[in-house]
Structures are given as structure tokens and as C-alpha cells.
Amino acid sequence: MTSTSQPWVEKYRPRNINDVAHQEEVVRTLEKALETANMPHMLFYGPPGTGKTTCALAICRQLYGPELIKSRVLELNASDERGISVVRNKIKGFASTAVGQGAPGYPSPPYKILILDEADSMTNDAQSALRRTMETYSKVTRFFILCNYISRIIEPIASRCAKFRFKPLGHEVMGDRLKFIATAEGLTLGEGCYEACSTHSGGDMRKAITLLQSAARLFGTATITGKEITAVAGAVDEDQVAQVVALCKTNQVDGANRIIESILKDGFPGLQIITQFAERVVDDEGVSDAVKGKICARIAEADKALVDGADESLQLMAIVSTACVAMKA
Amino acid sequence: MTEAAMDVDGGDAPQRQKASAVDANDAKKNQMWVEKYRPSKLSDVAAHKDIIDTIGRLTSQDRLPYLLLYGPPGTGKTSTILAVAKELYGPQFSQMTLELNASDDRGIDVVRNEISAFASTMRFGSNAGFKLIILDECDSMTKDAQFALRRIIEKYTKHTRFCLIGNYVSKVIPALQSRCTRFRFSPLGPNAVKDRVQFVVRQENLQITDDAIDAVTRLGAGDMRRTLNILQSSFLSKEGDGPIDANSVYATTGQPRPEDIEAIAGVLLNSNFKEAVAKVAAIKQERGLALADIVRLLVEYVFRLHMPQLARANLVSDMADVEYRLAYVTHERLQLMALVGAFANAREAIVAAAK
Ligand SMILES: Nc1ncnc2c1ncn2[C@@H]1O[C@H](COP(=O)(O)OP(=O)(O)OP(=O)(O)O)[C@@H](O)[C@H]1O
Ligand SMILES: Nc1ncnc2c1ncn2[C@@H]1O[C@H](COP(=O)(O)OP(=O)(O)O)[C@@H](O)[C@H]1O
Ligand SMILES: [Mg+2]
Ligand SMILES: [Mg+2]
């Protein structure tokens, strides 16, 4: 029973670029590249679970076939050492070696491909050292640079690549893919399942598939509905969030904070609580736009503060306090 | 001829297998455009006419000073010095030049040994009286190595010329700067970019609309390499048989079209908070746009709007905060709410001023 233990994200990772959903521009570019055997260096960026690694691996497989890929493709990701000395030795060494014979039946263009996955974790120095290598050996090596955050890639590297933004997957696209997986696994997707997967994953296909698999594993039922998905998604109970908002409206800071503390104690991540709180405030017809603006400004700051490693509980208290003051009648 | 041109670029390129005529053609066919269209003569370098004329004159008069070429990416620095070297040495290029860049270890020992060794060995069989040492990407050399270089530069003035190249001149120590004649390569002007784009379009036999050329030029923002990469990816991702049009250029780069920005601004200025969040999120989703790109273009739009100055000041300041936070990997939707909030405040200020 290996199939039950294998994560579905891997099991259903598209092997062919045509199966990659929702990224039409990239897919067309890569298809044309298959045809003409020509392409520039590629920079794929965008949120997690949108198909970047999948695309890069699939095109390599289609260009070289299962045998040649071993010698023509080098993939390095964040778990590999990629400091400046690796760039100068291993990467430059791979990039500079000549290519041999192609594989029959595959386009096998006369260059190798070097995939730098999760490249936003490379230091600026290491990135700098890539600059001239990407140009000098461009005839024998193409670079695929993959990352979530384009702002962490230095400009001279971005300039050397064709940049493609991978878009978060929309409801329908995600639904189609989930249906495909469910059918293959003998599951039925019941009411609200797509919506729940889509909402809780925010367009991250990896997360959506993981949610589905966790729900299937946890509940063991043949039909998965929105309720099961929400249960494994780790969302805070909406009633609790509503209570916090109501307390803020009547300026009961202490009461609101007590609830927040208890939610945090239950192990919910700060950002999850903040997001649900924000959605509620924005949707609330009884709050004026000016007040929403004030609260959301503080929330946006807290978001940044959390990225910088600030204390979750303090940031949440600050948001609640701001909300109480802003909503004071 | 093409073979020679290629070898210059890859001075220490790998031993390729015996290249038959067919292979050579193939190599050209597989070459990505930025390299295929790298200027091979000084006169091919687009824009920077003053700099190119000056360097060309000094080269032909055999009076080349030490050079420091600096400026943003894709403006022709490396191309210029490679063209100079080709003009100086022709086929002897690789014996007469030493190119070191950030992919080489350029610690103090290498500077002392490799560079001195190259600079001090005898030159052979060339008309040019000196050798050329190109230190590309010198802005990433350590301070120590730069200090060591200072002495070496002076020691070998007779038989060598140095050319330093970098993006950030501030990272080159003043003592080195003062030993060189500095040339700043600024971003290319739109006309120069368009001419070069049109040249590539003719060479590649592309079908492309004028609007699309404008879009490529605009998105390239004066970086010729980026421009050519956008052109090639727009060509590759083109749907169907028609010409490349502006829409497909924007779609390929994932950049907002001017009309997208117009639509988003319309929503932000007219809808209430809840609606604005929903509508902008929908446009973002449908067009596959990133909030950071939207904010940057919206700022330009806001400056064209007729509104009280103080309201604009507050709005732009708030937008700058959103953009800054997005650069630090924050949550798109929470930041979108902050952006909507900034416009909500601006709307109120506009209404108040009208009273
Ligand atoms: N002024 C220019 N005229 C024509 N083509 C240019 C020019 N500048 C850049 N290009 C194009 O961009 C490519 C890269 O140019 P080049 O290597 O000279 O840039 P650079 O200024 O050295 O950039 P970096 O600072 O990133 O190294 C060239 O191969 C060429 O296709
Ligand atoms: N566009 C997509 N189409 C189909 N499946 C996708 C897509 N994006 C992600 N997936 C699924 O999510 C998993 C992770 O995708 P991956 O390409 O590794 O994401 P990332 O963009 O983070 O590199 C894949 O195994 C695949 O099952
Ligand atoms: Mg990945
Ligand atoms: Mg350069």
C-alpha cells in the first residue's frame, strides 16, 4: 500500500507541461521552446504551490528524456549549499562543460539546464557571482531561476532572464485539478469542498491538495465536504472572531484580548487570527470606511512586524487596541 | 565569422566538439537573443554616442586611459569593452586580454599573483602596445583586493590598460576611481531602444504591432537586455498566428496594462471599502497581477490626478509604506486592505476639500 503513504502532491505532480494549470504564458513559451529548442534564461517567481518547480522539472524531462536528463540537468535547491564558493566552483564547472550527444526521440538541444530552485535564499554575493557565468556560457547552459520573492533577486540577475510570474490558482482551475485527483483516489467531493479548499489555500495548489489528503486520511469517509476541509485547515472558529470584533466595538479591550490569548493558546498562528479578524472588519456594514482604513493600516504593519519576527501576542493586542480606539463611537 | 565572434565572448569557453557547418548553424539557432545580438563592434552599441565616440577615438589613437564603466544592468558596459578589445586585437584577443569577474575568486592573492603575472609577461605579436585587463563586476571585489589593485595598476602603466566595470560605483574605493576615466552608462532612451528592437525584429522576421514595440520598450525601462528578453519571451508565448500585440506582451510579463491600472484606480476612488477590496482582488486574480506592481504604477497615476495637494501627499506616503512592506514578503490580501484604506482616507479628504 505505497500509494496511501505517498503524498498526493508528489503523486499528482504534472509530468508534462501541458498538465500545468493556469500558467498559460509560461506553458506556451515552454512548448515553443520544445519546438524551436531555443529559449532565454528563465526566472519563475510567484507564491508557493503555483507550479514553478513542476514546470522546470517537466520541461527538462520533455527536452532530454529519462536518461539524458541525468547528465544535462543539475538542480540545486535551498537544501543544497549554494554559497559563493559553490557558485564559483560547482555551478561554474557545470555551466562551462561541453554537451555531448543528444538523446534519440527527444529534442535534446545543445545546452544543459541548471535549475536554481528557491533562489531567493541565495545571498547577494552568491547571486552576484552568477552574473557573468550566465552570459559567458549561455551557449551551453540555460539557467532556470525559481523563487517566491522577486524582490530578493538582485536586479542584474533579473535583467539576464525572461521573467514569468506564476499566478495563484483560481477557483475553477483548482476545482478541476482536485476533481481529477479525487476521481483517481476514488473519493467524492461533496458540498462546499472546492470552495473550502480554494479559500483556505489562497490559490496555493500544494496546500489545497494537502488539505484534501489530510481530510481524507483523518475522516476516512468516501465523501469529503467543505466541513471536513475547514476542520483540517486550521481556521479559527468564526464565532470567536465575531466575538472579538463585537467586544472591540464596545471598547472592551480586556475582554477582546482574553479571547485572543485563548485562541493563541489553542495553537492557532497569529497571522491566521489576524487575517480572519481583518476579513470580518472589512465585511462589517456597521463600521465606517475611515475606521476600516485605520484598523487595516495597523494590521498591515503587524503583518510586516511578524515577518520581522515580532511577538504574535503583542501585535494582536496592538491591533485590538487600535480597533477599540478607532471604533469608539 | 560568427564562430570568431562567439569565441571572443567565451574566452575560456569549453572545448566544443568539432563544429561542422551544420553544428555552427545550430549553435546560432539555439542562441538566446541577448547574446545573439550582443554588439560585436563599437558602432553597434546603441545610445551613449558620446561615450562610444570618445572611447573609439582614444582606442584608434592608441591613447586608451584606464577606464571605469559603471551603470545599471543591460546598458552596454561589457559589450563596449569587449568590442574595444576586438578592435584592438582581432584574433589575438584571448592572449592579450585577461577578464576576471565575480565568478572568479578575486581575493588579494589572486590580484597579486594572477594579475601581476599577466601584466608583467611579455606581450607578443600585436600592433597594440599594451595588454588589457578587464575587471568586470569589480563592485563585488573585497576592499582588500581593491587596495592591492591600486598599487598594481600603477606599477604596470606601461604595458597594460585596466578596465573596471560595475553596477554600483559607490562600491569601488575612491583611490581606484581616481586612477580611471569614468564613464556612466545610463539607462537607454526609448528611441535608441526602439531602434535596436526594430533591428532584431527585422533579423528574426517577427510580426509585431507598433503598440507591442512600445510596450516592450516601456517594460524594458532602458535596460536593453531586459528589453530583448521580454521581446523573446513575448515571441515564444505568442498564441496563434497573428502578430505579437501589446496585450500579449503585458500578459507574458505579468505586468498590469495601463487600462488595468485605470480600472483599479476607478474602483479605489469610487467604491466603498468592502466592494473595493473584492473588486480589486477580482481584477488581480483575473489578470494575474502582483500587488507590488499595481502599487508602483498607481503612484504614477495618482500624480496625474486632480486632487488637493495634502491629500495626495498622505496618499503617496501610505502607498510607499504598502510597497515597502510588500518587498518584505508580507501578506498580499492584508496589504491590499491597507491600500484600500489609504484611498478611503484620500476620498474623505477630497470630499472635505470640496465643501
Ligand atoms: N547599448 C547597447 N546597445 C545594444 N545592445 C545592448 C546595449 N546594452 C545592452 N545591450 C544588449 O544587452 C546585452 C547585455 O549587455 P551588456 O553585457 O553590455 O550589459 P552590461 O552593461 O555589462 O550589464 P551588467 O551590468 O548587467 O553586466 C547585450 O548582449 C545586448 O544584447
Ligand atoms: N499550476 C499547477 N497545475 C497543476 N498542479 C499544480 C500547479 N501548481 C502546483 N501544483 C501542484 O502542487 C504541487 C507543488 O507544486 P510546485 O511546482 O512544487 O510548486 P512551487 O510553485 O512552489 O514550486 C505539485 O506537485 C502539483 O501537484
Ligand atoms: Mg518549488
Ligand atoms: Mg556586464
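Being a predicted model, the structure only gives us computed values, none of them experimental. The chains referred to below are lettered A, B, ... by the order of the sequence lines, with proteins before strands, and numbering in each begins at 1.
Interface remark: B:E239 contributes backbone and side-chain atoms alike to the contact with chain A (heavy atom separation under 4.5 Å). For A:D283, the parts lying near chain B are the backbone and the side chain together; criterion is any non-hydrogen pair under 4.5 Å. There is no contact between A:S288 and chain B, counting heavy-atom distances below 4.5 Å. Looking at A:H41, both its backbone and its side chain come within 4.5 Å of chain B, counting heavy atoms on both sides. Both the backbone and the side chain of A:V282 come within less than 4.5 Å of a heavy atom of chain B. Heavy atoms of B:N101 lying under 4.5 Å from chain A belong exclusively to its side chain. Proximity to chain B (any heavy atom under 4.5 Å) is restricted, for A:Y111, to the side chain, taken from C-beta onward. Heavy-atom distances place no part of A:I91 under 4.5 Å from chain B, backbone and side chain included. Of the two parts of A:E31, neither the backbone nor the side chain holds a non-hydrogen atom closer than 4.5 Å to a non-hydrogen atom of chain B. The part of B:D139 that comes within reach of chain A is its side chain, from C-beta onward, which places non-hydrogen atoms under 4.5 angstrom from that chain. Heavy-atom distances place no part of B:V34 under 4.5 Å from chain A, backbone and side chain included. Contact of B:K36 with chain A is not made at all, since no heavy-atom distance falls under 4.5 Å. For A:E301, the parts lying near chain B are the backbone and the side chain together; criterion is any non-hydrogen pair under 4.5 Å. Proximity to chain A is absent for every atom of B:L339, based on heavy atoms less than 4.5 angstrom apart. B:N272 touches chain A through backbone and side chain together, each having a heavy atom under 4.5 Å away.
A donor-acceptor pair under 3.5 Å is absent between the side-chain atoms of B:R226 and the main chain of A:A158, judged by distance alone. B:E137 contributes a side-chain N or O that, together with a main-chain N or O of A:R132, makes up a donor-acceptor pair within less than 3.5 Å. Put simply, the side chain of A:R88 gets close to the backbone of B:A102: a donor and an acceptor are under 3.5 Å apart. Counting only distance, with no hydrogens or angles, the side chain of B:N229 and the backbone of A:K163 share no donor-acceptor pair below 3.5 Å.
The shortest non-hydrogen separation linking B:F235 to A:K32 is O-NZ, 3.7 Å. Taking each heavy atom of B:S237 and A:T29 in turn, the nearest pair found is CB-OG1, 2.9 Å. B:N30 approaches A:T36 most closely through the heavy-atom pair ND2-O, 4.0 Å. In terms of heavy atoms, A:L169 sits closest to B:Q285 at C-NE2, 3.9 Å. The shortest non-hydrogen separation linking B:M32 to A:R142 is N-NH2, 3.5 Å. Of all non-hydrogen atoms in B:D223 and A:S159, the two that sit nearest each other are OD2-OG, 2.9 Å.
Interface check for chain B: of the options A:L271, A:V307, A:D308, A:I84, the most heavy-atom pairs under 4.5 Å are formed by A:V307. Interface remark: of the candidates B:T252, B:D293, B:D321, B:T252 forms the most heavy-atom pairs closer than 4.5 Å to chain A. Counting heavy-atom pairs closer than 4.5 Å to chain B, the top residue among A:S151, A:S85, A:G202, A:P47 is A:S151. For the set B:L289, B:N345, B:V322, B:I230, the entry with the most heavy-atom pairs within less than 4.5 Å of chain A is B:L289. Among the candidates B:A251, B:A276, B:S234, B:A344, the residue making the largest number of heavy-atom pairs closer than 4.5 Å to chain A is B:A251. Listed options B:G288, B:G220, B:G254 were ranked by heavy-atom pairs under 4.5 angstrom with chain A; first place goes to B:G288. Chain B forms the most heavy-atom pairs under 4.5 Å with one residue out of A:A297, A:A37, A:G46, and that residue is A:A37. With chain B as partner, the option from A:A129, A:G170, A:A302 having the largest number of non-hydrogen pairs under 4.5 angstrom is A:A129. Chosen from A:R165, A:K167, A:R298, the residue pairing most often with chain B at heavy-atom distances under 4.5 Å is A:R165. For chain A, the option among B:S248, B:A290, B:A292, B:S103 with the highest count of heavy-atom pairs below 4.5 Å is B:S103. For the set A:K292, A:R160, A:H22, the count of heavy-atom pairs under 4.5 angstrom toward chain B peaks at A:R160.
Ion pairing between a basic and an acidic side chain is recognised when a charged N comes within 4.0 Å of a carboxylate O; A:E25 and B:K238 show no such pairing. The pair A:D289-B:R347 counts as a salt bridge, with a side-chain nitrogen and a carboxylate oxygen less than 4.0 angstrom apart.
Counted within 6.0 Å of CD on B:E286, heavy atoms from surrounding residues, nucleotides or ligands total 12 or fewer; the atom is thus considered open. By the 6.0 Å contact criterion, CD on A:E155 is open, its count of non-hydrogen atoms from other residues, nucleotides or ligands being 12 or less.
Looking only at side-chain heavy atoms (C-beta outward), A:F164 and B:T253 stay at 4.5 Å or farther from each other. Contact check for B:F273 versus A:C296: side-chain heavy atoms found under the 4.5 Å cut-off. Side-chain atoms of B:E35 and A:K139, non-hydrogen and from C-beta on, never get closer than 4.5 Å to each other. For the pair A:T275 and B:H331, the minimum side-chain heavy-atom distance is below 4.5 Å. In this structure, the side chains of B:M337 and A:E279 come closer than 4.5 Å at one or more pairs of heavy atoms. You'll find the side chain of B:L236 stays beyond 4.5 Å of the side chain of A:L30, heavy atoms only.
Taken from CG in B:L326 to CD1 in A:I150, the straight-line distance is 14.0 Å, to the nearest 0.5 Å. Rounding to the nearest 0.5 Å gives a distance of 9.0 Å between OH of B:Y328 and CZ of A:R152. Here the OG-CE distance, from A:S128 to B:M141, works out to 13.5 Å after rounding to the nearest 0.5 Å.
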Exercise for review: For side chain to side chain contact (heavy atoms under 4.5 Å, CB included), just list the numbers for A:R131 and B:N167, CA-CA rounded to whole Å, side-chain angles, deciding distance to a tenth of an Å, and then say yes or no.
Suggested key: CA-CA 11 Å; A:R131 285 178 289 182; B:N167 294 121; 2.9 Å; yes
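A donor-acceptor contact closer than 3.5 angstrom is absent between the side chains of A:K304 and B:T330. Judged by distance alone, the side chains of A:D303 and B:Q335 do bring a donor and an acceptor atom under 3.5 Å apart.
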